[in-house]
Amino acid sequence: MQDLNNPKLFKQQAFIDGQWVGANDNKTFSVRNPFDESVIAELPDMGKAETQKAIEAAHDAFPAWKDKTAAERSAILRKWFDLQMEYVDDLGKILTTEQGKPLEEAKGEIRYGASFVEWFAEEAKRIYGDVIPGHAADKRIVVIKQPIGVVGAITPWNFPNAMITRKIAPALAAGCPVVVKPSKDTPLSALALAELAEQAGFPKGVFNVITSSNSKVIGEEITTNPLVKKVSFTGSTEVGKILMKQASGTVKKVSLELGGNAPFIVFDDADLDAAVEGAIASKYRNAGQTCVCANRLYAQEGIYDQFVEKLAEAVRNLKVGNGMEKKVNIGPLINQDALDKVEDFVDDAKQKGAKVITGGNKHKLGGTFYEPTVLSEANEKMKLTHEEIFGPVAPVYRFKTDEEAIKVANDTPFGLASYFYGRDISRIWNVAEGLEYGMVGINTGMISTAVAPFGGIKESGMGREGSKYGIEDYIVIKYLCFGI
Ligand SMILES: NC(=O)C1=CN([C@@H]2O[C@H](COP(=O)(O)OP(=O)(O)OC[C@H]3O[C@@H](n4cnc5c(N)ncnc54)[C@H](O)[C@@H]3O)[C@@H](O)[C@H]2O)C=CC1
Ligand SMILES: O=C(O)[C@H](O)CS(=O)(=O)O
């Protein structure tokens, strides 16, 4: 087990109603280190009853929390941000230990996640309404915004810190108490956030963390309990659809940050070195395990061979290893299933004509490490064209015209992130407006920030996280009509 040098942040209990507690039946589940499968923690394996308790605690905490002034909530969020920044190293170590990403990347996630807390500490004070000119001489209309109520948040393993703060910072800022269910693979980061939330002064019941190996049971309670007014989910499209269906029974508002299939288009007027740099950043971050990773790389025919070779040269320089070691760029995949899926994608692609330019095998380190890979001659018959690879594999496709690039890029039910490199201003506007995605990176492979509205369209979800728009997901609008 890694030396988690701050025992205060390394919690092995769930956090409900301001108490650190075990499961009612004292059952636990193991959290394992993805480097060597060693057990790093035993956590409460909770179920329906504990989830109900957490939801009731949040419900009971709602009136006092929403009645605090915006400035009071803002101050507590700001303190929480300050604590996260103070403990960035400890939080990063916990994250790398349970998720596997390189420590510097983990610390980057902590800073990114904390930036949402900082942002919404400020936005808490800007939840403005409207005054609307009356529709009659004796009428006056005022629009007010109020917190929606108890929020249930379910989050994935690939960004165990930031996917929580990106969701609950706006909820808490708006005046909503939250019940969080992190992934069973990476719950420790959520518990460390709860410890710092307690230190920051969040009242009991406002921030609750349920730990469980049975996400289905917890999810059913969160999506059907009438005390929960909002479900916010980040994860696969498949699970998002299940949760949306379950939430419909009580007509809960849902925010869904789901899967992606990002195109990364390189036009013949692109700066190829910049495009390679952007492709490395977008494709291989978190070992390719992000929803906004470039999933399909398209290079215009005139620069195809040059781009492939430059990309492969850069990929060969990526260092694979234990995320705790310095200069490591690529950690292990989260589990054996993930490794098997990546192997299957590459085998299928090779059978259908792909050429391995570099990588293409399980890494000699063993475990769930995979070689950073570049495949040329990719085509639409291959499985990895239509599914999230969620691994360090870059298939490169050829295209001839701008119109063809837009068409193939849009040929997916997903619509989260997209990227392209080019310099002609008319081309940039035509392509940016033609891409059917929630986000477009233009001459950059890194687009995620708290100041912008992160989210997708089509089967990549609904709702936005970050920016001035992010808080709207946790607000209800009410208008007051005054007869005078
Ligand atoms: N759009 C975005 O911002 C993001 C999307 N994702 C997507 O998430 C997927 C990878 O993350 P995973 O954790 O493997 O996704 P997942 O959908 O398997 O799990 C996500 C969360 O849902 C829980 N869950 C699973 N089945 C459930 C059920 N039946 N009821 C209730 N909860 C359930 C899991 O325990 C976990 O906490 C990829 O598709 C990726 O694209 C991941 C991160 C960000
Ligand atoms: O894929 C994810 O989990 C994140 O949304 C990616 S990012 O926001 O860190 O870019």
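For this chain, numbers begin at 1 and follow the sequence in order. In each ligand, atom 1 is the first atom listed, and ligand 1 is the first ligand listed.
- The protein atom (non-hydrogen) at minimum distance from atom 1 (O) of ligand 2 is Cys291 N, 2.6 Å.
- Among protein heavy atoms, the minimum distance from atom 10 (O) of ligand 2 is reached at Ser448 OG, 2.4 Å.
- In this structure, Lys204 pairs ionically with Asp17, as a charged nitrogen and a carboxylate oxygen lie closer than 4.0 Å.
- Ionic pairing of Glu371 and Lys362 is not present here: no N-O contact between side-chain nitrogen and carboxylate oxygen is shorter than 4.0 angstrom.
- Between Glu436 and Lys458, at least one side-chain nitrogen of the basic residue sits less than 4.0 Å from a carboxylate oxygen of the acidic one, meeting the salt-bridge criterion.
- Between Arg166 and ligand 2 there is a heavy-atom distance shorter than 4.0 Å.
- Every protein residue with a heavy atom nearer than 4.0 Å to ligand 1 is included here: Ile154, Thr155, Pro156, Trp157, Asn158, Met163, Arg166, Lys181, Pro182, Ser183, Ser215, Lys216, Gly219, Phe233, Thr234, Gly235, Ser236, Val239, Leu243, Glu257, Leu258, Gly259, Cys291, Glu388, Phe390, Leu416, Phe454.
- Using cut-offs of 30° and 60° for the angle between ring planes, the Tyr419 and Phe264 rings count as tilted.
- Residue contact check: Asn158 has heavy atoms under 4.0 Å from atoms 1 (O), 2 (C), 3 (O) of ligand 2.
- Under the 6.0 Å distance and 45° angle rule, Lys101 counts as a cation-pi partner of Phe159.
- A salt bridge is defined here as a Lys NZ or Arg NE, NH1 or NH2 lying under 4.0 Å from an Asp or Glu carboxylate O, and Lys53 with Glu56 fails to meet this definition.
- Between Arg296 and the options Asn261, Asp411, Thr385, a side chain to side chain donor-acceptor pair (under 3.5 Å) holds for only Asn261.
- Not a single N or O atom of Met163, backbone or side chain, sits closer than 3.5 Å to an N or O atom of ligand 2.
- Salt-bridge annotation for Arg464 and Glu472: absent, with no side-chain N of the basic residue lying under 4.0 Å from a carboxylate O of the acidic one.
- For Arg78 and Asp82, the salt-bridge test passes: some basic side-chain N is under 4.0 Å from an acidic carboxylate O.
- What sits closest to atom 3 (O) of ligand 2 on the protein, heavy atoms only, is Phe159 CD1, 2.9 Å.
- The salt bridge (Lys or Arg N to Asp or Glu O under 4.0 Å) analysis of residues 447-456, with sequence neighbours excluded, yields no pairs.
- For ligand 2, the atoms sitting less than 4.0 Å from at least one non-hydrogen atom of Thr290 are 1 (O), numbered in the order shown with element in parentheses.
- Looking at ligand 2, you'll find an N or O of Arg285 within less than 3.5 Å of one of its N or O atoms.
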